[in-house]
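Taking it in order: structure first as structure tokens, then the write-up.
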Amino acid sequence: MISSVKPTPSSFSATSTGARRSIPTKLHFSPLHIIKSCRNQSSNVSYQKPLHISSTQNFSSFKREVRVEAYEADRSRPLDINIELPDEQSAQKLKIGIYFATWWALNVVFNIYNKKVLNAFPYPWLTSTLSLACGSLMMLVSWASRIAEAPKTDLDFWKTLFPVAVAHTIGHVAATVSMSKVAVSFTHIIKSGEPAFSVLVSRFFLGETFPLPVYLSLLPIIGGCALAAVTELNFNMIGFMGAMISNLAFVFRNIFSKKGMKGKSVSGMNYYACLSMMSLLILTPFAIAVEGPKMWAAGWENAVSQIGPNFVWWVVAQSVFYHLYNQVSYMSLDQISPLTFSIGNTMKRISVIVASIIIFHTPVQPVNALGAAIAILGTFLYSQVSIQSLVV
């Protein structure tokens, strides 16, 4: 739109012939001119909507020399301001770093105390039940005291959660059984082969196909696990099968979780809390049937007599840290990408293997260490190529 611009007589100096006019050095814009032009019918500018120039007689001689630009609404656009907030970016990186460090530390502490408990109290079914019971109690207290907001769930939520809880229960118990029979490091070396189970189950049960690099990444995983198992000094078939069953169960847990939880708005922390509670209900009757209170009482008395009051602390610690490390891992999924989570999970296994070897003085042969390194490297390569295939 063009505002009213009325040149004053003094702005032009004409010769006797009127052929030459000088151009003013400065144009004066004043709202008073606009008001006057609205009242004067003979003005050069008429007051209509939209405003237009009714006479260009006084402008014709210098229209090429004077250019009036106006801000047009239809050409307006928001300012493209690229503001970098280094403080927010640094805070996010720090938050992710804290998640990872906490996740790894809690997992290492859990595995240490869990192995100590199982060495003195070889009843993995009760130990697994206590871990789930402790976590369930912690979350119920958090919801009741409003430390954490309780999730809003319905019957459909629990129906979809049930197969996930069944698979989670089997995987949890199988891993605990494995660690009661073999070294912690050996259990985690075998559990690093979980990606191979994931690909095979998805291929033969779900009909999914994967790019060639994904299949190739399974070769070092399978080869490394096989080399570590063959060269394990304290090999035990029950421990080996427990780790393998745990891998298979957790693969189905992930599949059921992805299928059943689409569209559900439950945070990672509350989702795992609900999962623990349902798993506790599933596991308790089986634990009683397999081991039973009589065996627990005798084993508990024997452990306390040998270890002393510290044994009770070990049981409490392994139960608390089991829930906390799983809760942090589920919470981290809300903050990081799947690729970052996979890398973090690989690094977690390395930290657990190294820490357990140092603390428990586990004898390791060079060939056994080589097999573990190959399996973990294969797991890392799998996480890379699988995420890249999804992006492509």
Side-chain angles (χ1 to χ4, degrees), residues 88 91-92 94-114 116-117 121 125-169 171-173 175-176 253 256-257 260-261 263-285 287-288 296 300 309-336 341 344 348:
E88 294 184 3
Q92 182 66 15
L94 178 62
K95 186 177 182 180
I96 295 175
I98 292 175
Y99 269 121
F100 271 20
T102 306
W103 179 20
W104 298 341
L106 292 173
N107 190 264
V108 170
V109 174
F110 158 72
N111 280 276
I112 292 172
Y113 279 109
N114 188 46
K116 286 186 174 182
V117 170
F121 185 75
W125 289 79
L126 178 60
T127 304
S128 302
T129 304
L130 293 176
S131 300
L132 296 174
C134 181
S136 301
L137 179 61
M138 290 170 59
M139 290 308 302
L140 288 175
V141 172
S142 299
W143 293 340
S145 59
R146 298 185 182 276
I147 296 177
E149 185 179 357
K152 297 179 181 179
T153 61
D154 52 16
L155 183 59
D156 291 336
F157 171 83
W158 294 102
K159 287 182 179 179
T160 56
L161 187 65
F162 179 76
V164 183
V166 171
H168 178 74
T169 304
H172 175 43
V173 174
T176 308
R253 180 194 64 178
F256 293 147
S257 180
M261 297 310 300
K264 304 293 183 181
S265 57
V266 179
S267 65
M269 180 180 66
N270 286 333
Y271 176 76
Y272 180 72
C274 296
L275 181 62
S276 297
M277 294 175 187
M278 181 164 282
S279 295
L280 176 62
L281 296 177
I282 296 171
L283 177 58
T284 301
I288 295 174
W296 296 339
W300 187 276
N310 287 336
F311 173 74
V312 179
W313 158 247
W314 291 355
V315 174
V316 174
Q318 72 95 24
S319 301
V320 172
F321 284 113
Y322 172 79
H323 176 79
L324 290 179
Y325 102 76
N326 277 285
Q327 179 175 293
V328 172
S329 68
Y330 273 83
M331 291 172 63
S332 65
L333 283 172
D334 296 334
Q335 304 293 328
I336 59 180
F341 183 83
K348 178 205 73 175

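Please read all numbers here as calculations on a predicted model, not as lab measurements.
Shown here are the side-chain hydrogen bond (donor to acceptor under 3.5 Å, both in side chains) partners of T153, two or more places apart in sequence or in another chain: W158. Taking the side chain to side chain contact (heavy atoms under 4.5 Å, CB included) definition, one finds that I98 meets it with L94, T102, sequence neighbours left out. The side chain to side chain contact (heavy atoms under 4.5 Å, CB included) search around V109 returns Y113, F321, not counting sequence neighbours. Partners of S128 under the side-chain hydrogen bond (donor to acceptor under 3.5 Å, both in side chains) rule, at least two apart in sequence or in another chain, are T176. Residues meeting the side chain to side chain contact (heavy atoms under 4.5 Å, CB included) test with K152, sequence neighbours left out: none.
Put simply, CH2 on W314 and CD1 on I112 are 12.0 Å apart, with the number rounded to the nearest 0.5 Å. Interatomic distance, T129 OG1 to I282 CD1, rounded to the nearest 0.5 Å: 12.0 Å. Atom CG of residue L324 and atom CG of residue L106 lie 5.5 Å apart, to the nearest 0.5 angstrom. Atom CG of N107 sits about 5.0 Å away from atom OH of Y325, to the nearest 0.5 Å. Here the straight-line distance linking atom OH of Y272 with atom NE2 of H323 works out to 6.5 Å at 0.5 Å rounding. Between the NE2 atom in H172 and the CG atom in L275 there is a gap of 10.5 Å [rounded to 0.5 Å].
Between H168 and Y322, the angle of the ring planes lies from 30° to 60°, which puts this pair in the tilted group. Between W300 and F121, the ring-plane angle classifies as perpendicular under the 30° and 60° cut-offs.
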Taking distance alone, no hydrogens or angles, what donor-acceptor pairs closer than 3.5 Å link side-chain atoms of residues 132-142 to residues at least two apart or in another chain?
from, atom 1, to, atom 2, distance (Å)
S136, OG, L132, O, 2.8
S142, OG, M138, O, 2.9

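Looking at heavy atoms from C-beta onward, V320 lies out of side-chain contact with F110 at the 4.5 angstrom threshold. Proximity of C274 to V266: side-chain heavy atoms (C-beta onward) are nowhere separated by under 4.5 Å.
Closest non-hydrogen pair, A165 versus S279, comes out as O-OG, 3.4 Å. Contact detail for W143 and A273: the closest heavy-atom pair is CZ2-CB, 3.8 Å. Counting all heavy atoms, side chain and backbone alike, A167 lies closest to F256 at CB-CD1, 4.5 Å. In terms of heavy atoms, W103 sits closest to K348 at NE1-CD, 3.8 Å.
Not one N or O on the side chain of T284 forms a donor-acceptor pair closer than 3.5 Å with the backbone of L281.
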